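So the structure is just underneath, and the comments pick up after that.
Since this is a predicted model, take the numbers as computed values, not measurements. So you know, we letter chains A, B, ... as the sequences are listed, proteins then strands, and number each from 1.
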Number of protein chains: 2
Amino acid sequence: MTSIDNRQIREAASIARAISHPVRLQILNELRGEGAYVMHLTAVLGRPQANISQHLMVLREAGLVTAIRDGMTVLYQISDPQVLNIVDDLLALAQKRIESRGLAAGEMESKQGGRRRRRGKCRCPRCSQEDRSGRHGRG
Amino acid sequence: MTSIDNRQIREAASIARAISHPVRLQILNELRGEGAYVMHLTAVLGRPQANISQHLMVLREAGLVTAIRDGMTVLYQISDPQVLNIVDDLLALAQKRIESRGLAAGEMESKQGGRRRRRGKCRCPRCSQEDRSGRHGRG
DNA sequence: ATACTACATTCACAATTTGGAATAAGGTCA
DNA sequence: TGACCTTATTCCAAATTGTGAATGTAGTAT
């Protein structure tokens, strides 16, 4: 039996709320796999460091991510794989909608990246390593 | 290739945003299966009708639910089964956390319903029918 | 028509969230 | 030590959200 009490509802809602910001969702998406350093997130998302840090704080307080100091840098990781289930479901539904809307409104994807997309080079420990060993992509 | 563009991120975030309120999450949870009438939601959640209606509007505008008039009453349904995947994942993670917190903090479930739980009787078409027969769809 | 029921919308205000700027805090290295 | 790097936090104004109260709209019944 699936009895839902108030605590569970509130907890679930607060998880959703932490995820419900484009920057935070993007952060979670970037943390797939082995996680990412703050400077990497700052570089990839193209946002001020303070802002990234603020969003990371929200994610931390919601318990969605954990921070591990590594010298001067900090590695953030997703705290529980189930978090990614939620993210994946959200992205899947979003994708489905965008597609069906595209068919309905003739709004096909042929645009060039409206805004700046990837801020390219980042000097975080991981990126430096990948850069040298020629490994690209995530996973 | 799972390239995530900005539109998809924003769409996903806005879905999460719509879900991220306890009342709305509870509404979605009540809509499982065949949906529910507004008066049923009002009765079950124990909140003012206007407030339920306001939250339903948010869910409608986010495209998570659809409304079908049926005489004087309005039946709300989940617009896409994938919405429930998200809800289920949120509830699962919430449950997992509450459990692990309970073990860690000795906060076992020994409370009586902190707030009012179910407002019991509701006169919506479905409840009335179930009340006097037992199990049947709408007519 | 009136009265009643179910639901939706608007308004006003409090509470919360957001993000930039500045600054603090923690760590490394010459 | 001080210069420098990475990340965290505080302050604050603007924007957004949540809610009750009142009101509007649509359908039913008499």
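When distances are taken from the side chain of A:A50 to each of C:dA21, D:dA26, D:dG18, the shortest belongs to C:dA21. In the set C:dC7, D:dT19, C:dT18, D:dT19 carries the atom at the smallest distance from any side-chain atom of B:N51. The side chain of B:H21 lies closest to D:dT19 when the candidates are C:dA8, D:dT19, D:dT9. With D:dT10, C:dA21, D:dT19 as the choices, the nucleotide that has an atom nearest any side-chain atom of B:R47 turns out to be D:dT19.
In terms of position on DNA chain C, the residue among A:Q54 and B:I52 whose nearest nucleotide sits closer to the 5' end is B:I52.
Taking atom CE of residue A:M72 and atom P of nucleotide D:dC5, one finds them 9 Å apart after rounding to whole Å. If you measure from atom CG of B:L56 to atom P of C:dA8, you get 6 Å, rounded to the nearest angstrom. Computed from coordinates, the B:E61 CD to D:dT16 P distance equals 14 Å when rounded to whole Å. Atom OH of A:Y37 and atom P of D:dA8 are 13 Å apart (whole Å). Atoms NE2 (A:H55) and P (C:dG19) sit 4 Å apart, rounded to a whole Å. In this entry the distance linking CG of A:L59 with C1' of D:dT7 reads 15 Å, nearest Å. Between the CG atom of A:L75 and the C1' atom of D:dA8 there is a distance of 17 Å, given to the nearest Å. Atom pair B:L45:CG and D:dG18:P shows a separation of 15 Å (rounding to whole Å applied).
Contact annotation: B:R123 does not reach the phosphate of C:dT5 (side-chain N/O to OP1 or OP2, under 4.0 Å). When the side-chain nitrogen and oxygen atoms of A:R17 are compared with OP1 and OP2 of C:dT18, none of them lie within a distance under 4.0 Å. Side-chain nitrogen and oxygen atoms of B:R24 include none within less than 4.0 Å of the OP1 or OP2 phosphate oxygen of D:dT17. Dashed line: the shortest gap from a side-chain N or O of A:Y76 to OP1 or OP2 of D:dT6 is not under 4.0 Å.
Residue B:T73 is in sugar-phosphate contact alone, with no base atom involved, counting any heavy-atom pair closer than 4.0 Å across all strands shown. Among the protein residues, A:A67 comes within range of no part of the nucleic acid, since none of its heavy atoms lies under 4.0 Å from any strand. As judged by a 4.0 angstrom heavy-atom cut-off over every strand, B:H40 is placed among residues making no nucleic acid contact. Residue B:M39 is in sugar-phosphate contact alone, with no base atom involved, counting any heavy-atom pair closer than 4.0 Å across all strands shown.
When all heavy atoms of A:R97 and B:L64 are compared, the pair lying nearest together is NH2-CD2, 3.2 Å.
Not a single donor-acceptor contact under 3.5 angstrom links the side-chain atoms of B:Q49 to the base of C:dA6.
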Q: Give the C-alpha distance, both sets of side-chain angles, the deciding distance and a yes or no for side chain to side chain contact (heavy atoms under 4.5 Å, CB included) between A:R126 and A:L75.
A: CA-CA 10 Å; A:R126 186 151 301 142; A:L75 177 65; 4.0 Å; yes
Q: Please lay out, stage by stage, how A:Y76 and A:V38 fare under the test side chain to side chain contact (heavy atoms under 4.5 Å, CB included).
A: CA-CA 7 Å; A:Y76 274 83; A:V38 177; 3.5 Å; yes
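A donor and an acceptor atom, one from each side chain of A:Q95 and A:E99, are located under 3.5 Å apart.
Ion pair A:E11/B:R101 flagged as a salt bridge, since at least one NZ, NE, NH1 or NH2 atom sits closer than 4.0 Å to an Asp/Glu carboxylate oxygen.
Panel note: side chain B:Q26, backbone B:L45; no donor-acceptor pair is recorded below 3.5 Å.
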